[in-house]
Amino acid sequence: MGLILKIIITIAANSLAVYIASLYIPGFTFTGNWLMLATTGFFLAVGHSIVRPILKILTFPLIIITFGLFNFVINIIIIWGVHMLVPELGIQGILPLIEATLLFSVTNAMLHLFRL
């Protein structure tokens, strides 16, 4: 499968995860149109593909000490960063942020499982 197709699938999956999170997670809202949804998916894909590996290298000792649980904190940081970049994405509180992080972690794990 080509690289461009993998990127498009990753952006689409993250966009779908944002849409599903906005429907089912109270306190997690998205008020933009489909283009802004795709942009949000793009930012999440970039966060998970580029920013996450860099943060994992920088926080490697914390990941080891917490037996890998700090990876979840890295995912929270990425989603919070996307929340700061996209004004249409609203997260009211820590609980919706944690629930959304779980959803996005599962989404990206599935993509990684299928080598996308």
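Note that the coordinates shown come from a computational prediction; the quantities given were computed from them, not determined experimentally. Here, residue 1 is the first one in the sequence, and each next residue gets the next number.
- Contact of the Leu111 side chain with the Lys6 side chain is not registered, since no non-hydrogen atoms from C-beta on lie closer than 4.5 Å.
- Looking at Met110 and Thr107, their side chains never come closer than 4.5 Å, going by heavy atoms from C-beta outward.
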If you look only at distance, which donor and acceptor atoms sit under 3.5 Å apart when one is on a side chain in residues 90-101 and the other is two or more places apart or in another chain?
unit_1 : atom_1 : unit_2 : atom_2 : d
Thr101 : OG1    : Leu97  : O      : 2.7

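- Residues Met36 and Phe30 have side chains in contact (heavy-atom distance under 4.5 Å, counting atoms from C-beta outward).
- Two residues are said to be in side-chain contact when any heavy atoms from C-beta on lie closer than 4.5 Å; Thr40 and Glu88 fail this criterion.
- In plain terms, the two heavy atoms of Ala45 and Ile11 that are nearest each other are CB-CG1, 4.1 Å.
- Atom CZ of Phe42 sits in a sparse spot, with 12 or fewer heavy atoms from other residues, nucleotides or ligands closer than 6.0 Å.
- Qualifying ring pair (Phe, Tyr, Trp, His ring centres under 6.0 Å) partners for His48, counting only residues two or more places apart in sequence or in other chains: none.
- Residue Phe60 qualifies as open at atom CZ: its count of foreign heavy atoms under 6.0 Å is 12 or below.
- Across Leu55 and Thr59, no two heavy atoms sit closer than the pair O-OG1, 2.6 Å.
- With contacts defined as side-chain heavy-atom distances shorter than 4.5 Å, the pair Leu37/Ser15 qualifies.
- Applying the 4.5 Å side-chain rule to ILVMFWY residues, one finds Trp34 in the same cluster as Leu35.
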